[in-house]
There are 2 protein chains.
Amino acid sequence: MSGRRDPEGRRRSIVDAACRLIAEVGVGGLTHRLVAARAGVPLGATTYYFKTLDDLGEAALEYAAQASAEELDAWEQALRAGTDVPKTLASLTVDYLADRPRALVETELYIAAAHRPELRPLAHVWFDGLVEILSAHASPDAARAATIFIDGALLFALTHDQPLDAAALATSLAALLNPPG
Amino acid sequence: MSGRRDPEGRRRSIVDAACRLIAEVGVGGLTHRLVAARAGVPLGATTYYFKTLDDLGEAALEYAAQASAEELDAWEQALRAGTDVPKTLASLTVDYLADRPRALVETELYIAAAHRPELRPLAHVWFDGLVEILSAHASPDAARAATIFIDGALLFALTHDQPLDAAALATSLAALLNPPG
DNA sequence: CAAGATTATGTACATTTGTACATGTACATC
DNA sequence: GATGTACATGTACAAATGTACATAATCTTG
């Protein structure tokens, strides 16, 4: 098995290593050698699979966006199954923010998209996806507001040891999802 | 005047150039030569005033944090003077988010603080300052929630051409500042 | 099994980088 | 005005970097 070739798996392991590295050094901190070392492949491998370093970083962000999309499926099901939408959403958010590397990569994706418009679709995967899911339980405006709040909680989590507790999140999300009418 | 020395002014112009550059290339994209060129000083100047490149980046973020603190004073006065807190806050936020370079630097500061805990106090200047100001008009929890929302709006603004309109902001901020019950 | 295509990897090289430092210049203090 | 101190800057250099590429190993196809 060890001598067997697996180009797709190899490429994936490189992208995966790059994605994990982004959480540590940022997109701008990536280097061919760093990624190659983390992935356990020689330098030539990363330059063979990616014509340029930017392509590699882009692929890593795309990989992260795809992971976001998959997570969204779980959120949709949980929200559909649960009775209290704000409370369920708060619980999902707590778990989401507990994964610090993931939170870091998501933020890096936002910043990268801010600098390079062609990356915006990747950043919108999470945002638009969550807005759409929440739109089944609230008005579009309220769904968008709740998503924005969760992104704010993302920044909060990154800069505080103590993350937001589920109760506070639920209160805020309830207020946003059910505006006084 | 041109031949006159002004070490403090010189240092400030270097830091200012670095700060503006952060909005373009990120903290990690700073180089001595880049900053020197932007500030219009020779390479030796940046290495003379800052022992290391990290020090230079740190000084630039500190500079940005200080600008945040100054802006907060204006916010406090506007909120004290206005009659409708959410509406006034929404208006301030719209102006704040319209300054894209500033928004980029603020986000870079958040990420930098996420990676290097010693920078957290700088990131907290804006966050804690705004929470404190808002605490004069709402409960501490509500003030924190509103601040988190505004930070979320920061990320939204960075990744969308069309920023959030004041009306939508006011609605969400009102819901957060005046929780039902 | 032959031969062509794909995958793999070590090495080389021009650039860019951070930083050190020698040298020079303006300033203050006496 | 002498002289020590802070400011200023050009240059040098080792280290790191992106990328190209020659060569080899493996797979596929006939």
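What you see is a predicted model, and the numbers here were worked out from it, not measured in a lab.
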ask   = Hey, can you pull the residues of residues 10-37 of chain B with a non-hydrogen atom under 4.0 angstrom from DNA chain D?
value =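 Only B:Arg10, B:Arg33 qualify.
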request  = Check each residue of residues 47-62 of chain A for a non-hydrogen atom within less than 4.0 Å of any atom in DNA chain D, then write out the ones that pass by number, or none.
outcome  =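 Output list: A:Thr47, A:Thr52, A:Leu53.
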task = Kindly say whether, by distance alone, the side chain of B:Arg5 makes a donor-acceptor pair under 3.5 Å with the base of C:dC27?
result = no
inquiry  = Tell me if the aromatic rings of B:Tyr96 and B:Trp126 count as close, with their centers under 6.0 Å from one another.
reply    =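 Between B:Tyr96 and B:Trp126, the centre distance is under 6.0 Å.
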Considering only NZ, NE, NH1 and NH2 on the basic side and carboxylate oxygens on the acidic side, decide whether [X] and [Y] come within less than 4.0 Å.
X        : Y        : result
A:Glu132 : A:Arg144 : no
B:Arg120 : B:Asp128 : no
A:Arg12  : A:Glu8   : no

note = The nucleotide from C:dG24, D:dT9, D:dT11 with an atom nearest the side chain of B:Leu43 is D:dT11
ask   = Are a donor atom and an acceptor atom from the side chains of A:Tyr49 and A:Asp55 found within less than 3.5 Å of each other?
value = no
request  = Answer with yes or no whether the side chains of B:Thr46 and B:His32 bring together a donor and an acceptor at under 3.5 Å.
outcome  = yes
Please list, for nucleotides 1-4 of chain C, all pairs of protein and nucleotide N/O atoms separated by less than 3.5 Å.
none

query = For A:Glu58, what residues pass the side-chain hydrogen bond (donor to acceptor under 3.5 Å, both in side chains) criterion, not counting sequence neighbours?
reply = A:Arg116
ask   = side chain to side chain contact (heavy atoms under 4.5 Å, CB included) between B:Leu89 and B:Leu177: does it pass, once the steps are laid out?
value = CA-CA 11 Å; B:Leu89 185 56; B:Leu177 289 174; 4.1 Å; yes
note = Those residues at least two apart in sequence (or on a different chain) that pass side-chain contact (heavy atoms from CB on, under 4.5 Å) with B:Ala114 are A:Arg100, A:Leu104, A:Leu158
inquiry  = Taking B:Ser135's backbone N and O only, do any of them form a donor-acceptor pair with B:Ser139's side chain (distance below 3.5 Å, no angle check)?
reply    = no
key: Donor-acceptor under 3.5 Å (A:His137 side chain, A:Ala143 main chain)   = no
message = Does B:Arg11 form a salt bridge (charged side-chain N to carboxylate O under 4.0 Å, His left out) with B:Asp6? I'd like the steps, not just the answer.
response = CA-CA 9 Å; B:Arg11 189 191 144 100; B:Asp6 179 16; over 6 Å; no
ask   = Between B:Leu169 and A:Val131, is there a shared hydrophobic cluster once you connect ILVMFWY residues whose side-chain heavy atoms come closer than 4.5 Å?
value =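 They do share one cluster, since a chain of ILVMFWY contacts under 4.5 Å joins B:Leu169 to A:Val131.
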Would you list the protein and nucleotides 28-30 of chain C atom pairs, both N or O, that sit under 3.5 Å from each other?
none

message = Nearest whole Å is fine: how far is D:dA6 P from B:Glu8 CD?
response =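 The distance from CD of B:Glu8 to P of D:dA6 comes to 15 Å, rounded to the nearest Å.
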